[in-house]
Participant: 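My structure is below; once you've seen it, I'll send some questions.
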Amino acid sequence: MTTMETKNNEQDEQALRRLLEIMADLRAEHGCPWDKEQDHKSLRKYVLEEAYEVVDAINQEDDSLIVEELGDLLLQIVFHAQIAKEEGRFTFADIANGISEKMIRRHPHVFGTEHCDTPSEVMVTWAQVKAKEKAGSQERRMDVPLAFPALYRSEKLQKKAAEVGFDWEQSEAVRQKILEELGEVDEAISEADKVHLKEEMGDLLFAVVNWSRFHHIDAEEALRESNDKFVKRFNLMEDMILAQGKSIEDMTLSEMDLYWEKAKKLLANHC
């Protein structure tokens with residue numbers, strides 16, 4: 001290890017120690033009233049929010065924002081660790097040591113004698129080691145966290161089913177399933193049955209995710225990008241309308257559609 005690497009490691013250790021001490025002070029008797037009243041359940045939403053904000057910062061390719069959002073996410077981990085430490089359940093060291101041991105076990109090609117030359121080989125090895133770890137446990141194959149975003153969870157469930165061969169053989173079969181589900185949605189609409197319609201809409205979405213997975217497309221990422229594209233087009237459409245002294249609220253759908261098409265072309269040319 002070089003002198004620079006040693007210095008960086010020392011700085012990392014000092015920074016983490018400082019953060020742990022700050023959190024302990026915030027939870028101490030004379031600390032922050034808000035921090036002191038939090039528990040694992042009250043902090044759940046913040047873990048999700050901070051994780052999404054990290055992703056957003058990465059998508060923006062803004063290093064200073066990535067640093068800030070990763071700090072916010074790290075704070076949540078330290079927060080949970082401090083609460084558990086006070087209750088005598090586990091500590092930050094337990095968290096860090098646990099993931100360290102897992103990384104060593106699941107990378108035998110780095111810390112052991114096995115060899116992996118490609119990312120795909122690494123994934124196979126990872127899955128094999130993970131399967132050995134889970135052998136004999138009561139965890140079921142479909143035990144995928146409920147807190148996952150619905151599209152992401154759907155894809156994870158389908159991948160787990162595919163691991164044992166419960167999967168479509170051809171893309172056309174998945175496409176036909178989508179058409180079948182679409183027909184059932186139409187039927188539910190004609191019957192004016194909201195409960196049935198909700199169920200069939202869910203089945204249709206599940207089938208579309210399956211088709212995306214079959215073609216190696218991340219459905220969650222694809223929809224996120226479509227959301228972003230819609231926002232850009234809508235904002236540009238509204239800007240063009242306002243620039244002409246008009247109000248979007250007073251326009252008809254056909255009038256707005258003309259500006260929408262202009263916005264699409266401008267953004268397409270810009271790209």
Participant: For E172 and Q176, which I'm curious about, is there any donor-acceptor pair between the side chains at under 3.5 Å?
Facilitator: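 Distance-only check passes for E172 and Q176.
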Participant: Donor-acceptor pair, distance only, cut-off 3.5 Å: does the side chain of E121 make one with the backbone of D117?
Facilitator: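 Looks like yes, one N/O pair under 3.5 Å.
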Participant: Tell me whether Q170 at atom CD has more than 12 heavy atoms from other residues, nucleotides or ligands lying less than 6.0 Å away.
Facilitator: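 Result for CD/Q170: open.
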Participant: To check you understand the geometry: which heavy-atom pair defines the closest contact between D250 and E255, and what is its length?
Facilitator: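 Nearest heavy atoms, D250 then E255: O-OE1, 4.5 Å.
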Participant: Whether the N9 and T6 side chains hold a donor-acceptor pair (N or O, under 3.5 Å, no angle test) is what I'd like checked.
Facilitator: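 Short answer, no.
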Participant: Hey, what's the ring geometry for H109 with H107, parallel, tilted or perpendicular (30° and 60° as the breaks)?
Facilitator: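 Answer is tilted, since the angle falls between 30° and 60°.
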Participant: Provide the closest heavy-atom pair for H215 versus S171 in the form atom of the first, atom of the second, distance.
Facilitator: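 Closest heavy-atom pair between H215 and S171: NE2-OG, 2.7 Å.
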Participant: Are E133 and K102 ion-paired here, with the side-chain N under 4.0 Å from a carboxylate O?
Facilitator: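 Judged by the 4.0 Å cut-off on N to carboxylate O distance, E133 and K102 do not form a salt bridge.
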Participant: Is it true that a side-chain atom of R153 and a backbone atom of A150 form a donor plus acceptor pair closer than 3.5 Å?
Facilitator: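 Checked: no pair found.
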Participant: Would you say that E53 contacts L65 through its side chain, given a criterion of any heavy-atom pair below 4.5 Å between the two side chains?
Facilitator: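 Not touching, per the 4.5 Å side-chain cut-off.
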Participant: Indicate yes or no for a side-chain donor-acceptor contact from Q158 to the backbone of F206 under 3.5 Å, with no hydrogens or angles considered.
Facilitator: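 Yes, because the side chain of Q158 sits within donor-acceptor range (under 3.5 Å) of the backbone of F206.
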Participant: Any carboxylate oxygen within less than 4.0 angstrom of a Lys/Arg side-chain nitrogen, looking at E180 and K177?
Facilitator: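 Yes.
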Participant: Which of parallel (below 30°), tilted (30 to 60°) and perpendicular (above 60°) describes H40 and H80?
Facilitator: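 Taking H80 first and then H40, their aromatic rings lie parallel (interplane angle under 30°).
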Participant: Give me the atom names and distance for the closest heavy-atom approach of K36 to R27.
Facilitator: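 Minimum heavy-atom separation between K36 and R27: O-NH1, 3.2 Å.
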Participant: About how many Å separate CD of E5 and CG of D12, when rounded to the nearest 0.5 Å?
Facilitator: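 With rounding to 0.5 Å, CG (D12) is 11.5 Å from CD (E5).
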Participant: Is the number of heavy atoms from other residues, nucleotides or ligands within 6.0 Å of CE (M142) greater than 12?
Facilitator: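 Yes, CE of M142 has more than 12 neighbouring heavy atoms, counting only those of other groups under 6.0 Å.
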Participant: For the CD atom on Q11, are there more than 12 heavy atoms of other groups (residues, nucleotides or ligands in this structure) within a distance under 6.0 Å?
Facilitator: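 Yes, the 6.0 Å shell around CD holds more than 12 heavy atoms from other groups.
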Participant: For atom NZ of K85, decide whether the heavy atoms of other residues, nucleotides or ligands shown that lie under 6.0 angstrom number more than 12.
Facilitator: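 Counting neighbours around NZ of K85, 12 or fewer heavy atoms of other residues, nucleotides or ligands fall under 6.0 Å, so no.
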Participant: Please determine which of R233, K264, K246 meets the side-chain hydrogen bond (donor to acceptor under 3.5 Å, both in side chains) test together with Y259.
Facilitator: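 Output: one option passes, namely K246.
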Participant: With a 4.0 Å cut-off, would you call K229 and E225 a salt bridge?
Facilitator: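 Not counted as a salt bridge, because no side-chain N and carboxylate O are separated by less than 4.0 Å.
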Participant: Is there a donor-acceptor pair closer than 3.5 Å between any side-chain N or O of E181 and the backbone N or O of D203?
Facilitator: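 It does not hold such a pair.
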Participant: If I compare all heavy atoms of L204 with all of I178, which pair ends up nearest, and what's the gap?
Facilitator: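 Heavy-atom minimum between the residues: CD1-O, 3.6 Å.
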Participant: Determine whether the side chains of D39 and S42 contain a donor N or O and an acceptor N or O closer than 3.5 Å.
Facilitator: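 Checked: D39/S42 side chains pair up, N/O donor to acceptor below 3.5 Å.
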Participant: Out of curiosity, M256 CE to M237 CE, how far, rounded to the nearest 0.5 Å?
Facilitator: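 Between M256 CE and M237 CE, I get 6.0 Å after rounding to 0.5 Å.
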Participant: In this structure, are over 12 heavy atoms from other groups packed under 6.0 Å from E191 atom CD?
Facilitator: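 Yes - once you tally the heavy atoms of other residues, nucleotides and ligands closer than 6.0 Å, there are more than 12.
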Participant: Looking at CG of L43 and CD1 of I77, how far apart are the two atoms once the value is rounded to the nearest 0.5 Å?
Facilitator: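 The CG atom of L43 sits 12.5 Å away from the CD1 atom of I77.
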Participant: Quick one: closest heavy-atom pair of I217 and A222, and the distance?
Facilitator: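 In this case the closest contact between I217 and A222 is CG2-CB, 4.0 Å.
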Participant: How many angstroms lie between NZ in K159 and OG in S154, if you round to the nearest 0.5 Å?
Facilitator: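 Atom-to-atom, K159:NZ and S154:OG are 11.0 Å apart.
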Participant: Is there a path from W211 to L223 through hydrophobic residues (I, L, V, M, F, W, Y) whose side chains come within less than 4.5 Å of each other?
Facilitator: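 W211 and L223: separate clusters.
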Participant: Looking only at atom types and distance, does a side-chain atom of N235 sit under 3.5 Å from a main-chain N or O of K232, one as donor and one as acceptor?
Facilitator: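 No; judged by distance alone, with no hydrogens or angles, the pair does not exist.
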Participant: Have a look at F92 and tell me which of N97, L19, L16 forms a side-chain contact (heavy atoms from CB on, under 4.5 Å) with it.
Facilitator: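 The side-chain contact (heavy atoms from CB on, under 4.5 Å) with F92 is passed solely by L16 among N97, L19, L16.
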Participant: Report the hydrophobic cluster partners of L70, with the cluster defined as I, L, V, M, F, W, Y residues connected by side-chain heavy atoms closer than 4.5 angstrom, directly or transitively.
Facilitator: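 V54, I58, I66, L73, listed by chain and number.
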Participant: Work out which heavy atom in V174 is nearest to a heavy atom in A207; give both atom names and the distance.
Facilitator: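 The pair with the smallest heavy-atom distance is CG1-O, 4.0 Å.
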Participant: Test your reading of the model: is there a side-chain donor-acceptor pair from D257 to the backbone of L253, 3.5 Å cut-off?
Facilitator: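 Absent.
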Participant: So do the side chains of D72 and Y46 get within less than 4.5 Å of each other, counting heavy atoms only?
Facilitator: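 Not in contact.
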Participant: Have E86 and Q82 got a donor and an acceptor in their side chains that come within less than 3.5 Å?
Facilitator: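 Yes, a side-chain donor-acceptor pair sits under 3.5 Å.
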Participant: Got a second to check how far R213's CZ is from L157's CG, nearest 0.5 Å?
Facilitator: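 Answer rounded to 0.5 Å: 10.5 Å.
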Participant: How far does CD of E200 sit from CD1 of I189, to the nearest 0.5 angstrom?
Facilitator: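 Interatomic distance, E200 CD to I189 CD1, rounded to 0.5 Å: 10.5 Å.
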